[in-house]
Amino acid sequence: MTQLNPRQKEAVLYIDGPCLVLAGAGSGKTSVITRKIAYLIEQCDIPARHIAALTFTNKAAREMKERASKLVKGSASRGLTVSTFHNLGLNIIRREHKSLGFKPGFSIFDSEDARSLLKDLMMKDGDLDSDHLDLVQHQISNWKNDLIIPARALSVAQSPGEQAIALIYQRYNQALRAYNAVDFDDLILIPVELFQTNAEVLQRWQRKIRYLLVDEYQDTNSSQYLLVQLIVGNRGALTVVGDDDQSIYAWRGARPENMSLLKQDYPSLRVIKLEQNYRSTSRILRVANHLIANNPHDFDKALWSEMGLGDPIRVLRCKNEDAEAERVATEILTQRLRKQYKFRDFAILYRGNHQARLLEMKLQQHQIPYKISGGSSFFAKTEIKDVMAYLRLIVNPDDDNAFLRIINTPRRQIGTSTLEALGGYASERHISLFAALDELGLQSRIPEKNLERLQRFAHWIKQVTRNCGGDRPVDAIREMLNDIDYEGWLHQNSASSKAAEKRMENVFYLVESLQKTIDKNSSDEDEGEESRIEDAVAKLVLRDMMERQEEEDLSDQVQLMTLHASKGLEFPHVFMVGMEEELLPHRNSIEDNNIEEERRLTYVGITRAQRTLTMTLAGKRKQFGEMSETTPSRFLDELPVDDVEWEGFGEQSPEKNLAKGEETLANLLNLFD
DNA sequence: AATCCTGGAGTTTTT
DNA sequence: CTCCAGGATT
C-alpha cells in the first residue's frame with residue numbers, strides 16, 4: 001500500500017494545526033503516522049530529533065520506528081523519538097532528575113514491587129487488613145492517573161475508608177522517595193507536575209519536541225493527555241490517531257472521552273476519518289458496523305472495503321464447552337485440508353485466559369500446532385525477578401524492595417528477626433536498609449554473627465558495584481552470578497534439572513539483553529556520559545529492548561489469545577468462542593453496566609478477521625464446578641440477519657423469533673432442549 | 001523451610 | 001471445580 005487514499009493523504013499533509021485522525025480498524029493508520037513522520041522530516045525540514053511519536057507498547061514503538069526509518073531517505077531519521085509514553089517519561093525524569101531530587105540510578109517499581117511496599121505500609125498500623133490491598137493499589141493508581149496528589153485525596157475523601165487509603169497513598173509516595181524510586185504511574189505524573197511548575201524546563205522540552213504524534217489516542221488516560229497538552233502548548237503541532245470504537249482499556253484508566261475533549265481543547269482541530277478498510281471482506285465489515293451502531297457515538301464512522309463480499313459469518317451453537325472446543329479443532333482441520341489454508345491463518349479469540357485450557361487440550365488431541373500468546377510473562381519469572389533485583393540494588397542501593405528480595409537468594413542465613421532489627425533501625429533513622437549496614441549503632445541490635453553476614457553481603461555488593469563502573473559492566477554481572485552460584489541455586493530450587501537449565505537460559509538471555517541495551521545506548525551518541533548500566537536497568541524494567549525471538553512468524557501455528565491481546569493484529573480466519581451472556585459480555589461488566597466496552601471488545605474481535613469469521617457458543621457450560629445452561633450473547637442479536645448463518649439454533653434464525661415480541665433467544669432455546 | 005490446610009474468588013493488562 | 005494466598009503446622 002504505497003499509494004495513499006485521499007483521506008490518508010489529507011491526514012499526512014495537514015500540519016497547520018492539531019489533527020485528529022479517526023482511524024477505523026484496518027484503515028492503515030500506521031502508514032499514516034509513519035508517512036507523516038517522513039513528510040515532516042523531508043518536506044517540512046523538521047529535523048528528526050525534534051519529532052516524537054508516542055505509543056503504548058514497546059512493540060508498537062519498535063515497529064513504527066522501523067517503518068519510519070525505511071521511508072526516510074538516508075540517515076535523516078536519526079534522532080527520531082518513537083517511544084512509549086512511559087519511556088518518554090523515564091527520559092524526562094532522568095534528564096531532570098537533579099531538579100526533581102532523584103539520585104541517578106533511581107529504581108522503577110513495577111506493580112509487584114508497589115504491591116509489596118503497600119503491604120508493608122498497611123501492616124505497620126492495622127488500619128486496613130490485607131484484603132484491601134488490591135483495592136488500595138488500584139485507588140492509588142487511579143488517583144495518580146487523575147493527577148490527584150495525596151493532600152488532595154485526603155481533603156476530598158468521602159468516607160473514613162477513603163481517608164485511610166489517602167493516608168496510605170501519602171506514606172506510599174514518601175516511601176518511594178526514600179527508596180529513590182518511582183512507580184509506573186509516576187513516570188507520567190512526575191513529568192506533568194514538573195512541567196506545570198517549572199516553565200523553564202517545560203520550554204526546554206517544547207523546544208526539543210516540535211511535532212508530536214500519538215498512536216492509539218483513545219487509550220490515553222488523563223495524565224497522559226495532559227502531558228501531551230503540555231508538550232504541544234499552543235503550537236498545535238499535534239497529530240493523534242485513534243478509534244473510539246476500539247477503546248477497550250477503560251478498566252485500566254483509559255479515557256476514551258479524551259477524543260471528544262480534544263475538540264473542546266483545540267477548537268481548530270481538524271478531524272479526518274479513515275473509513276476505507278484494507279483488511280476484511282464487506283460482509284465482515286457490515287457485521288462489525290451493525291454491531292457497533294448499538295453504541296452511542298461522538299464521531300460517526302462506517303467501514304467499507306473493496307475486498308469483495310466474502311462468506312457469511314457463521315454462528316455455531318454447540319452442546320457444551322467440550323463440543324465447542326472440539327468443533328473449533330475439527331473446523332480448523334477440515335478447512336485446512338479442503339482449502340489449503342495454513343495453521344497460522346487461524347486465530348481463536350476468547351474473553352478470558354481460562355478459556356484457553358480446553359482449547360489447548362483439544363488442539364493437542366488433534367495434533368494441531370498452536371501458540372498461546374499472553375499468560376505469564378518473561379519478567380514474572382522468579383529467576384528474572386531475582387536477577388533484576390540484584391541489578392536494581394547495584395544501581396540504587398536504597399531500593400529496599402530489591403534488597404529484601406535477594407538478601408536470602410541464595411541463602412545467606414539471615415533470618416527474619418535480623419531483618420526486622422535492621423528494618424527498625426533504618427526506619428528510625430529514615431535511611432535505607434543498605435545504608436543502615438554502614439552504621440555502628442547496629443552492633444547493639446543485632447548479634448555479632450548475623451551482623452557479620454549482613455556486612456559481608458554489603459561489602460560484596462559494593463565490590464560488584466565498583467566492578468560495574470568499569471569498562472565491561474556486563475562481565476561484572478556475569479562474575480557476580482558466578483560468585484553466588486546462581487545456577488546451583490536454580491538447580492536446588494527447580495523441579496528438574498531440565499527446568500533449571502531452562503531458567504538459567506532465561507537468565508543468560510536477560511544478561512545478553514543488558515549487554516545489547518548498553519551497547520545500543522552508547523552508540524546513540526545523543527545520551528553522552530550517563531549511558532551506562534543505570535539506563536540499561538531502567539529500560540529493562542520497562543521491558544524495553546527485549547526482542548523476543550518472533551518464532552511465530554516462522555512456524556505454522558494456530559494463534560490463541562484473548563480479545564484484548566488481539567487488538568492491532570489480523571488473521572485470515574478468526575474464531576470467536578464463548579459468545580454467551582456472562583462471558584461476553586462478561587458478568588462483571590453486566591453488573592457494572594459496562595456493556596458498551598464489551599461491545600467494542602466484540603467489535604475488535606470481528607474486525608481482526610480478513611476473510612472468514614466464525615463465532616461459537618456452548619449451550620451448557622461448567623462453571624464453578626456445576627454445569628449450567630447458558631444464554632447466547634446479546635451481541636449475537638445485534639448482528640445483521642442477512643450476513644449470518646446460524647447453526648444449532650433449531651429451524652429458524654433467532655432474529656425472526658425475536659421479532660415477534662417478548663420472546664428472547666434464551667427461552668426460545670429452552671423449547672428445543 | 002517445606003508442607004498442609006483453609007477460605008475465597010473466579011476479566012481483560014502494559015508500562 | 002481449581003487456583004491462589006496466607007496462615008498454621010511440622
Within 45° cone and under 6.0 Å: A/Arg177 NZ/CZ vs A/Phe102 ring: yes
Distance flag, aromatic centroids of A/Trp251 and A/His586, threshold under 6.0 Å: no
Pairwise C1' distance, C/dC3 and B/dT14 [rounded to whole Å]: 24 Å
Touch class at under 4.0 angstrom, heavy-atom based, for A/Phe56 against every strand present: sugar-phosphate
Salt bridge present between A/Arg600 and A/Asp243 (N-O < 4.0 angstrom): no
Residue-phosphate contact under 4.0 Å: A/Thr84 side-chain N/O, B/dT14 OP1/OP2: no
Donor-acceptor pair (no angle test) under 3.5 Å: A/Thr562 side chain, B/dT13 base: no
A/His586 aromatic ring stacked with six-membered ring of B/dT11, 5.5 Å and 30°: yes
Separation of B/dT15 P from A/Leu540 CG (nearest whole Å): 13 Å
Contact nearer the 5' end of DNA chain B, comparing A/Ile248 with A/Arg543: A/Ile248
Residue mapping more 5' on DNA chain B - nearest nucleotide basis, A/Arg351 or A/Val541: A/Arg351
Spacing between A/Arg600 atom CZ and B/dT12 atom P, to the nearest angstrom: 18 Å
Parallel, tilted or perpendicular: ring planes of A/Phe195 versus A/Trp205, cut at 30 and 60 degrees: tilted
d(CG, A/Asp185; P, B/dT14) in whole Å: 15 Å
Aro-ring/base stack A/Tyr249-B/dT12, d under 5.5 Å, angle under 30°: no
Atom pair distance, as rounded to whole Å: CD in A/Glu626 and C1' in C/dT2: 14 Å
Pairwise side-chain contact, A/Ile231 with A/Leu88, heavy-atom cut-off 4.5 Å (strictly under): yes
Residue A/Leu542, side-chain heavy atoms: nucleotide from B/dT11, B/dG10, B/dT15 that is nearest: B/dT15
Nucleotide of B/dG10, B/dT15, B/dT13 approaching A/Phe624 most closely (side-chain heavy atoms): B/dG10
Candidates B/dT13, B/dT11, B/dG10 - which lies nearest the side chain of A/Asp592: B/dT11
Test item: A/Arg621 side-chain N/O and A/Thr630 main-chain N/O as donor-acceptor pair under 3.5 Å: no
Between B/dT14 (P) and A/Leu187 (CG): distance, integer Å: 16 Å
Atom-pair distance (CZ on A/Phe378; C1' on B/dT14), nearest Å: 17 Å
Strand contacts (DNA chain B) in residues 400-413 of chain A, 4.0 angstrom heavy-atom criterion: A/Arg411
Separation of B/dT13 P from A/Gln246 CD (nearest whole Å): 16 Å
Nucleotide of B/dT15, B/dT13, C/dG6 approaching A/Lys119 most closely (side-chain heavy atoms): C/dG6
Options C/dG6, B/dT15, B/dT14, nucleotide nearest the side-chain atoms of A/Arg115: C/dG6
Under-4.0 Å side-chain N/O to phosphate OP1/OP2 contact, A/Asn353 with B/dT13: yes
Nearest-Å distance once atom P is located in both C/dT2 and B/dT11: 15 Å
A/Gln218 and A/Glu216 side chains, donor-acceptor separation under 3.5 Å: yes
Sugar-phosphate only, base, or nothing, as touched by A/Arg357 at under 4.0 Å among non-hydrogen atoms: sugar-phosphate
Over all atoms of both residues, closest heavy-atom pair of A/Thr55 and A/Ala60: CB-CB, 4.0 Å
Between P of C/dT2 and NZ of A/Lys622, the distance in whole Å: 7 Å
Sugar-phosphate, base or nothing in reach of A/Asn87, heavy atoms under 4.0 Å: nothing
Side-chain donor-acceptor contact under 3.5 Å, A/Tyr486 with A/Asp386: yes
